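What follows is a short report on a single structure.
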Amino acid sequence: MTSAAPARRLSAAGFLATLALGLAILFGAPHALDTFGLVQCTGFAALAMFGLSQGFVWGFAGVMCFGQAAFLGLGGYAYAVAVLNMGDSSVPVLLSILVPMLFAGLLGYFMFYGRISDAYIGVITLTVSVILFQLVNATSGSQYRIGVAELGGFNGIPAIPALNAPGHPDEPLDIEGIWYAAMGALVLVYALLRGVLASRLGRVVVAIRENETRAQLIGYDPRLYKLIAFMIAAGVAGLAGCLYANWGGFISPTVFALPMSAQVIIYVLVGGLGTLIGPMLGAVLIQALIIAAGSQSAVDSNLGLGLVLVGFVLLVPQGLVPVARSLGLRLLERRPRRVAKAQDGFATGSAR
């Protein structure tokens with residue numbers, strides 16, 4: 001058995017287990033949780049999708065985007081403005097994906113085809129996020145509106161209409177319906193990204209991350225593939241922004257702020273870079289920790305959270321999922337050895 005075989009088996013088993021767990025949570029949570037718990041889990045699902053977008057573009061495409069919050073905010077605002085003007089949420093959901101993707105396509109074209117180094121890409125995306133924060137933050141007043149939707153400046157856009165059944169704006173989803181939409185979208189996006197990574201596009205993207213020069217020499221254009229991955233991640237983040245706006249019924253410029261961009265990087269580091277499960281797990285763990293830290297008064301929540309995160313990164317630098325994967329591979333590799341030793345012992349005993 002080759003060394004790659006256990007890794008492939010473990011990866012396939014992890015994918016199927018994640019899908020099964022996601023579906024179990026999707027249909028089981030409404031029966032196991034009260035209304036408050038279900039609302040919290042809806043927020044976790046939206047932020048897990050946000051982490052998934054960062055994990056894809058950073059962990060597999062090798063593009064360190066410090067301003068992923070820009071696409072989260074664009075998706076949330078695109079949905080809010082469109083649904084307030086249209087009433088029906090069907091088109092606004094699509095716009096929450098397309099607007100960030102188009103923005104990422106325009107920004108990414110100048111970055112990747114301008115041959116800007118990876119370090120500067122991180123700085124540029126972070127700067128764009130800050131610019132968007134300042135820009136939207138300065139839109140206070142009734143003169144700043146798009147159609148009937150007032151942007152509201154720092155106060156944001158309140159009372160955002162919830163998702164509705166397609167073509168039925170008079171049938172908005174209730175709390176349970178929003179949960180099914182958020183968690184169902186998370187499971188679907190995870191499966192789609194796994195499919196992308198298993199396709200030729202995904203294999204080329206990963207090959208470029210591993211050795212860009214070699215990929216270019218055999219005929220692939222790294223700029224194009226990085227741009228495509230960048231746009232896909234922006235679309236996923238935009239959908240997360242739509243779900244985030246539905247979760248609270250509110251959107252404000254804080255979605256563009258530095259804490260959101262830093263938070264999603266921590267999701268990836270805690271869960272594990274180079275995985276899709278890791279950023280989702282990291283998002284849930286960090287958000288649960290933030291809620292727990294904010295509910296007590298003995299220790300400053302920000303200080304306690306910072307200490308826990310620093311200690312975690314120092315002790316488990318690879319992240320939770322890669323560590324678990326390494327342990328699983330060791331177990332799979334030891335099992336054939338034990339079987340082989342047992343067979344050799346049986347054969348020796350028979351020969352005697």
Side-chain angles (χ1 to χ4, degrees), residues 8 11-27 42 44-63 65 68 71-72 74-76 78-79 89-105 108 163 166 178-209 224-244 246 264 267-268 271-284 321:
R8 288 195 298 267
S11 178
F15 171 62
L16 294 176
T18 302
L19 279 184
L21 179 61
L23 292 174
I25 294 174
L26 171 64
F27 294 107
T42 303
F44 290 165
L47 292 174
M49 186 177 294
F50 183 38
L52 189 60
S53 70
Q54 181 75 35
F56 176 77
V57 73
W58 183 18
F60 293 94
V63 178
C65 179
Q68 195 70 5
F71 308 119
L72 176 78
L74 285 173
Y79 172 80
S89 68
S90 303
V91 174
V93 170
L94 296 177
L95 289 176
S96 72
I97 301 172
L98 293 176
V99 169
M101 288 187 73
L102 293 175
F103 183 80
L163 294 168
I178 297 290
W179 157 255
Y180 282 124
M183 188 63 194
L186 178 62
V187 173
L188 179 61
V189 169
Y190 167 73
L192 290 175
L193 289 181
R194 278 296 301 249
V196 168
L197 291 173
S199 68
R200 178 176 176 272
L201 169 64
R203 292 194 296 271
V204 173
V205 166
V206 173
I208 291 171
R209 180 202 64 186
L224 175 62
Y225 285 93
K226 283 185 176 181
L227 179 60
I228 293 173
F230 191 59
M231 292 178 66
I232 291 174
V236 174
L239 180 57
C242 169
L243 298 175
Y244 189 75
N246 273 272
V264 72
Y267 295 164
V268 178
L273 185 64
T275 69
L276 293 179
I277 304 172
M280 296 189 291
L281 178 62
V284 174
V321 173

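Fair warning: this is a prediction, and the values are worked out from it, not measured in the lab. Start at 1 with the first residue, then count along the sequence.
Pairing each heavy atom of Leu186 with each of Ala45, the nearest pair is CD2-O, 4.0 Å. Of all heavy-atom pairs spanning Ala237 and Gln68, the tightest one is CB-NE2, 3.7 Å. Taking every heavy atom of both residues into account, Gly278 and Val321 meet most closely at CA-CG2, 3.5 Å. Between Pro100 and Ile97, the shortest heavy-atom contact is CD-O, 3.4 Å. Among all heavy-atom pairs drawn from Gly51 and Val268, the shortest one is O-CG2, 4.1 Å. In terms of heavy atoms, Cys242 sits closest to Val93 at SG-CG2, 4.1 Å.
Checked by atom type and distance alone, the side chain of Trp179 pairs as donor or acceptor with a backbone atom of Leu26 at under 3.5 Å. Between the Arg203 side chain and the Leu197 main chain, no donor and acceptor come within less than 3.5 Å of each other.
Proximity of Phe50 to Ser53: side-chain heavy atoms (C-beta onward) are separated by under 4.5 Å at one or more points. With contacts defined as side-chain heavy-atom distances shorter than 4.5 Å, the pair Val236/Val57 does not qualify. Taking 4.5 Å as the limit, some side-chain heavy atom of Phe56 sits within range of a side-chain heavy atom of Val196.
One finds the CG atom of Leu243 at 7.0 Å from the CG atom of Leu163 (value rounded to the nearest 0.5 Å). Leu192 CG to Ser199 OG: the interatomic distance, rounded to the nearest 0.5 Å, is 11.0 Å. Note that the CG atom of Leu23 and the CE atom of Met183 stand 8.0 Å from one another [nearest 0.5 Å]. Atom CG in Leu72 sits 10.5 Å away from atom OG in Ser96 (nearest 0.5 Å). Distance check, rounded to the nearest 0.5 Å: CG of Leu201 to CG of Leu224 gives 9.0 Å. The CG atom of Leu281 lies 12.5 Å from the CG atom of Leu52; values are rounded to the nearest 0.5 Å.
Between Phe71 and Phe230, the ring planes lie perpendicular to each other; the angle is over 60°, past the 30° to 60° tilted range. Aromatic ring orientation, Phe15 versus Tyr190: tilted (interplanar angle from 30° to 60°).
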*Under the side chain to side chain contact (heavy atoms under 4.5 Å, CB included) criterion, do Leu193 and Phe60 qualify, and how do the steps go?*
CA-CA 11 Å; Leu193 289 181; Phe60 293 94; over 6 Å; no
